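Quick caveat, the model's predicted, so the values are computed rather than measured.
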Amino acid sequence: MAVLIYYIKHTSHEVKVFEPFSILGLEHGASDSDIKKAYRRLSIQYHPDKNPDPEAHDYFVEYISKAYQALTDPVSRENFEKYGHPDGRQGLQMGIALPPFLLNIDGASGGILLLGIVGVCILLPLVLAVIYLSRSAKYTGNYVMHQTLSAYYYFMKPSLAPSKVLGVFIKAAEFMEIPVRRSDGEPLQKLFMLVRSELNLDLKNIRQEQAKFWKQHPALVKAELLIQAQLTRESKALTPALLRDFRRMLELSPRLLEELVKMALLPRTAQGHGWLRPAIGVVELSQNIIQAVPLSARKVAGGSSEGVAPFLQLPHFSEAIVKKIARKKVRTFQELRDMTLEDQVELLTQVAGLSSTETKDVEMVLEMMPSLTVDITCETEGEEGIQEGDIVTMHVWITLKRGSGLVAALPHAPYYPFFKEENFWLLLADPVSNDVWISQKVSFMEEAVAITAASKAIQELKEVSGASLKETNAAVREAVERVKSGSRLVMGKFQAPGEGNYNLTAFCLCDSWIGCDKKTNLKIKILKRSRAGTRTGALSEEGAGMEEGIEEEEQEEEDEYEDYESEYSEDEEDEKDSKRNGVVPAAGAAAAAESSDNE
């Protein structure tokens, strides 16, 4: 750039325009006699006979003679007037259409113009590129800061209870960057009094607990109080400045929660398994934030392990109404959904005391809520039974039905002010060991993408199995029809563990609705591998590979899944049991997912 500036300032290439009057030293409009006198005077000075200098000869031939000819010869004069040269049209001339002020510049203005061009064309794009690269280096592909992922990884624990997930969630760097103003102090104090019951403070030492809470980093205090404002529906108490910060946090929440789920499912064990308990807790927190339902509403109440949380996402519902309908033996949310339309209307109008308009609002939301069916199989492709060390393929068809008949729909979330799609998490896990074997995110929004993925998966599967082209096409058509009717195919592979019986559970968790999760139990029997690598041992009549669902004769196992309590009321006991036994208790791990009906 310095060389370019020096070259422009010190190099001059002026275009010499042919001007006969100037060459002869005359003014425009000179008479013929003056022209002849000037020509004779210059001839004496530059004519080759008078001046032997070669440059004088060239100047006389190229300029003086042609200037005289252009002013005295009619043809030459016509060429000069038309083309600007006595010899007629010259070689190809090119120019750039620029404003006159760019062409008529002196040295000072030329330097300023040059600096302006350099600034706009070079420096400005360079600055923008540096800013973009510096910002993009701080974020992942999902627009989450790397610092946030580091914090989530550090604070994620295998025994993290759902009630403690919020404390990890608010440590996102995005929340820490939200400014804490002096003017926020008094409004946050008022908000604290409104949401104090949701902060898990020890009421026996309430003063010490409050002082401990306010001693935290101001950004953490502000983030937790604003999230609690969403959960308790107290956002009306916020000032305009806090309301802007509140909306910013809600806008960031879905992608941060998704990354927090992924952090819980990150392979941590030697077998490459993630952690079930914190993953379920994060999904439940997402449900509560989208539906604006307090976390305390998940506590066991009225014989329901789900608590009253699923009811509170319905319009016009409160805890008082939940208690009223509980007197009519409707204690779980699934019981309400399973009722006929006539029975629901009667219950809501006569028992709950809702008006006909309010009842229609509730019925509309109930029709929007998804009902899930999970059909899962696990097998070793091309083999009979599963042996230890095999690569096992999991096939899962998840079918979604709604009372409205729609498949793809947005959740009813009147307290969440931004666009939010339904997403589902499929987790194949062992609740006893707290291990997640396979996890995958599922969406019902884009049917075309699902059709393409299912067709490709089925086609590859049939080709590997050696099926004919006709059989492959038939299987692909069947898969396409299932996708169009509201099903999604999920496939995954995992390595079979050591010999033994494994009681697994397939969790299908929705991140937007409370009480719509689905659990399907799966028994897998792993056979011992022979030394020669061949299959040995007879398969039992009850199925050597795997058994689906809950077997009726195993009543003890069924009671285990039906009777566990919520994590929100048993956090301390779970932590003590974990320390004594070295693992997460089966009841505790399963309770975090008891938001669905067992089959």
Can you tell me which residue among T359, T357, D361 is in a side-chain hydrogen bond (donor to acceptor under 3.5 Å, both in side chains) with H316?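 Among the candidates, only D361 passes.
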Any side-chain heavy-atom pair from [X] and [Y] closer than 4.5 angstrom?
{"X": "M491", "Y": "M394", "value": "no"}
{"X": "V436", "Y": "H273", "value": "no"}
{"X": "L265", "Y": "L276", "value": "no"}
{"X": "L410", "Y": "M445", "value": "yes"}
{"X": "L527", "Y": "I386", "value": "no"}

If you round to the nearest 0.5 Å, how far is [atom2] of [Y] from [atom1] of [X]?
{"X": "C508", "Y": "F424", "atom1": "SG", "atom2": "CZ", "answer": "6.5 Å"}
{"X": "Q228", "Y": "L295", "atom1": "CD", "atom2": "CG", "answer": "6.5 Å"}
{"X": "W437", "Y": "C378", "atom1": "CH2", "atom2": "SG", "answer": "8.5 Å"}
{"X": "E367", "Y": "K360", "atom1": "CD", "atom2": "NZ", "answer": "12.0 Å"}
{"X": "L149", "Y": "M156", "atom1": "CG", "atom2": "CE", "answer": "11.0 Å"}
{"X": "N521", "Y": "N503", "atom1": "CG", "atom2": "CG", "answer": "8.0 Å"}

Should we say atom [atom1] of [X] is surrounded by more than 12 heavy atoms from elsewhere, each under 6.0 Å from it?
{"X": "F494", "atom1": "CZ", "answer": "yes"}
{"X": "F418", "atom1": "CZ", "answer": "yes"}
{"X": "K420", "atom1": "NZ", "answer": "yes"}
{"X": "E446", "atom1": "CD", "answer": "no"}
{"X": "Q147", "atom1": "CD", "answer": "no"}
{"X": "K157", "atom1": "NZ", "answer": "yes"}

Provide the closest heavy-atom pair for [X] versus [Y] in the form atom of the first, atom of the second, distance.
{"X": "G272", "Y": "P267", "result": "O-CB, 3.5 Å"}
{"X": "V283", "Y": "C510", "result": "CG1-O, 3.5 Å"}
{"X": "L285", "Y": "L166", "result": "CD2-CA, 4.1 Å"}
{"X": "L489", "Y": "A457", "result": "CD2-CB, 4.1 Å"}
{"X": "V476", "Y": "I458", "result": "N-CG2, 4.0 Å"}
{"X": "L400", "Y": "L406", "result": "CD2-O, 4.2 Å"}

Assess, by modelled atom type and distance only, whether the side chains of [X] and [Y] contain a donor and an acceptor separated by less than 3.5 Å.
{"X": "S296", "Y": "E198", "value": "yes"}
{"X": "T148", "Y": "E174", "value": "yes"}
{"X": "T399", "Y": "T373", "value": "no"}
{"X": "K493", "Y": "T393", "value": "yes"}
{"X": "S235", "Y": "R247", "value": "no"}
{"X": "E422", "Y": "W513", "value": "yes"}
{"X": "N288", "Y": "E284", "value": "no"}

Between [X] and [Y], is there a donor-acceptor pair closer than 3.5 Å when you use the side chain of the first and the backbone of the second?
{"X": "N434", "Y": "R277", "result": "yes"}
{"X": "R248", "Y": "I178", "result": "no"}
{"X": "E358", "Y": "S355", "result": "yes"}
{"X": "S455", "Y": "T452", "result": "no"}
{"X": "D343", "Y": "M339", "result": "no"}
{"X": "D511", "Y": "N423", "result": "yes"}
{"X": "S286", "Y": "V282", "result": "no"}
{"X": "Y152", "Y": "F169", "result": "yes"}
{"X": "Q313", "Y": "P310", "result": "yes"}
{"X": "E319", "Y": "A297", "result": "no"}

Side chain to side chain contact (heavy atoms under 4.5 Å, CB included) for K523 and L504? Distances and angles first, verdict last. CA-CA 6 Å; K523 289 190 66 177; L504 305 180; over 6 Å; no
Test log, rule side chain to side chain contact (heavy atoms under 4.5 Å, CB included), inputs F311 and I325: CA-CA 11 Å; F311 293 97; I325 64 175; 3.7 Å; yes
Between I514 and R298, does the side chain to side chain contact (heavy atoms under 4.5 Å, CB included) criterion hold? Intermediate values first, please. CA-CA 10 Å; I514 305 175; R298 288 186 177 271; 3.8 Å; yes
Test side chain to side chain contact (heavy atoms under 4.5 Å, CB included) applied to F333 and D338, step by step: CA-CA 9 Å; F333 188 66; D338 292 340; over 6 Å; no
Flag this pair as yes if the NZ/CZ of K171 is under 6.0 angstrom from the six-membered ring centre of F155 and inside a 45 degree cone about the axis; otherwise no. yes
Is it true that the NZ or CZ of R268 lies under 6.0 Å from the centre of W275's six-membered ring and within 45 degrees of the ring axis? yes
Is it true that E258 and K262 make a salt bridge, defined as a side-chain N closer than 4.0 Å to a carboxylate O?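 Yes, charged N to carboxylate O under 4.0 Å.
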